[in-house]
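These numbers come from the heavy atoms of this one structure, side chains and all, not from hydrogens, waters or symmetry mates.
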Amino acid sequence: YKRQLLLAFANIGTLDIVEENNQLASARAVLSALSISYDPLDRQDIFAKYDAVEENVTDGMTWYETNNGGETLYALRTNGAGLWGNIEVVIGFNQEVDRYVGLEIIEQNETPGLGGRITEDWYKEQFAGQFIPDAVFAGEDIGLASAGTGAAEDKDDAQVDAVTGATRTSEAMKGIVSSAARDMKNIVGGL
């Protein structure tokens, strides 16, 4: 009984720390998706830069707006079903919402070493600057190239590389980022 009581007090005592760490992770994800540089070890730098980002909610969707280098940038926090559970992301867009700016994975439960590779830098970085074709806004998904083709290096071909051995996760991400582009375009169009 005493042990349970001590654990309960320890849990209560750490709630504020856990909440601050969750806020820090969320702020990092938004800054990364918007391609805003920050010192990853400096909490004050992260929160100061995040404070310059406007957080909005439209139709239940959380989205962000900021000015970076004279250009308005947007980001959308969204999620979708992966192979083994929810994949939650923040996706950044340029002012015209015709290119992705960045992508950050907040939560995922994909297979380690396979679908879980969506958290690796090489995967996330391929979205930075990637063109979003009009077909995406008409309901199609961004193109998915075979893994390792280097298609993601061509930022105008509207294709991203799949993760080798993780077809269902790659397909899920294709749908998530395409749906996010449609949602962001609708939100910005409605401003």
**Item:** Pairs touching residues 67-83 that satisfy salt bridge (Lys or Arg N to Asp or Glu O under 4.0 Å), sequence neighbours left out
**Value:** R77-E88
**Request:** Apply salt bridge (charged side-chain N to carboxylate O under 4.0 Å, His left out) to R43 and list each qualifying residue two or more places apart in sequence or on a separate chain.
**Result:** E20
**Request:** Using the side-chain contact (heavy atoms from CB on, under 4.5 Å) rule, take T72 and E65 through it: C-alpha gap first, then chi angles, then the decisive distance, then the call.
**Result:** CA-CA 7 Å; T72 300; E65 181 178 352; 3.6 Å; yes
**Among T58, V97, D183, the one residue meeting side chain to side chain contact (heavy atoms under 4.5 Å, CB included) with V188** = V97
**Fill in**
One should read off an interatomic distance between K155 NZ and F127 CZ, to the nearest 0.5 angstrom, of 9.0 Å
**Asked** Got a sec: does the CG of D59 have more than 12 other heavy atoms crowding it under 6.0 Å?
**Response** no
**Request:** Determine the minimum heavy-atom distance between N94 and Y74, stating which atoms define it.
**Result:** O-CD1, 3.8 Å
**Request:** Can you measure from NZ (K185) to CD (E96) and round to the nearest 0.5 angstrom?
**Result:** 8.0 Å
**Item:** All pairs passing salt bridge (Lys or Arg N to Asp or Glu O under 4.0 Å) where residues 124-137 contributes a residue, at least two apart
**Value:** E104-K124, D121-K124
**Request:** State, to 0.1 Å, how close I142 and V177 come at their nearest heavy-atom pair, and which atoms those are.
**Result:** CG2-CG2, 3.9 Å
**Item:** Close side-chain approach of T62 and E55, heavy atoms under 4.5 Å
**Value:** yes
**Prompt:** Under a 4.5 Å cut-off applied to non-hydrogen side-chain atoms, are N67 and L73 in contact?
**Reply:** no
**Asked** Rounded to the nearest 0.5 Å, how far apart are OG1 of T66 and NZ of K49?
**Response** 11.5 Å
**Message:** Going by salt bridge (charged side-chain N to carboxylate O under 4.0 Å, His left out), name the residues that satisfy it together with E171, two or more places apart in sequence or in a different chain.
**Reply:** K174
**Request:** Just grab all the salt bridge (Lys or Arg N to Asp or Glu O under 4.0 Å) pairs involving residues 26-42, residues at least two apart or on different chains.
**Result:** none
**Path from V163 to M173 over hydrophobic side-chain contacts below 4.5 Å** = yes
**Message:** Taking I106 as the starting point, is it possible to reach M184 by hopping between hydrophobic residues whose side chains are less than 4.5 Å apart?
**Reply:** no
**Asked** Is the closest side-chain heavy-atom distance between I36 and V53 below 4.5 Å?
**Response** yes
**Request:** Looking only at non-hydrogen atoms, find the nearest pair between G175 and D141 and report the distance.
**Result:** CA-OD2, 3.7 Å
**Message:** Do L103 and Y123 have side chains that approach each other closer than 4.5 Å (heavy atoms only, starting at C-beta)?
**Reply:** yes
**Message:** Please tell me whether Y50 and L24 are part of a single hydrophobic cluster in this structure, the criterion being side-chain heavy atoms less than 4.5 Å apart.
**Reply:** yes
**Request:** Step through it carefully: locate the ring centre of Y100, locate the ring centre of F93, and say whether they are under 6.0 Å apart.
**Result:** yes
**Item:** Any donor-acceptor pair under 3.5 Å from R182 side chain to V136 backbone
**Value:** yes
**Message:** Can you tell me how far apart CG (L34) and OH (Y64) are? Round to the nearest 0.5 Å.
**Reply:** 9.5 Å
**Request:** State, to 0.1 Å, how close N86 and G80 come at their nearest heavy-atom pair, and which atoms those are.
**Result:** OD1-O, 3.4 Å
**Request:** Kindly check if the number of other-residue, nucleotide or ligand heavy atoms within 6.0 Å of CD (E140) is above 12?
**Result:** no
**Message:** Among L76, I105, N79, exactly one meets side chain to side chain contact (heavy atoms under 4.5 Å, CB included) together with V89. Which residue is that?
**Reply:** I105
**Item:** ILVMFWY network linking I176 to M61, side-chain heavy atoms under 4.5 angstrom
**Value:** yes
**Fill in**
Shortest non-hydrogen pair, W84 vs E110, comes out as N-OE2, 3.3 Å
**Message:** Checking the side chain of Q130 only, and the main-chain atoms of V160 only, is there a donor and an acceptor separated by less than 3.5 Å?
**Reply:** no
Ignoring hydrogens and angles, write down the donor-acceptor pairs under 3.5 Å from the side chains of residues 112-120, residues two or more places apart or on other chains.
{"unit_1": "R117", "atom_1": "NE", "unit_2": "E120", "atom_2": "OE1", "d": "3.1"}
{"unit_1": "R117", "atom_1": "NE", "unit_2": "E120", "atom_2": "OE2", "d": "3.2"}
{"unit_1": "R117", "atom_1": "NH2", "unit_2": "E120", "atom_2": "OE1", "d": "3.2"}
{"unit_1": "T119", "atom_1": "OG1", "unit_2": "G116", "atom_2": "O", "d": "3.0"}
{"unit_1": "E120", "atom_1": "OE1", "unit_2": "W122", "atom_2": "NE1", "d": "2.6"}

**Asked** Yes or no on side-chain contact (heavy atoms from CB on, under 4.5 Å) for I132 and F137, after CA distance, side-chain angles and deciding distance?
**Response** CA-CA 8 Å; I132 307 167; F137 302 111; 3.6 Å; yes
**Request:** Grab the two heavy atoms, one from P40 and one from Y38, that are nearest each other, plus how far apart they are.
**Result:** CD-O, 3.2 Å
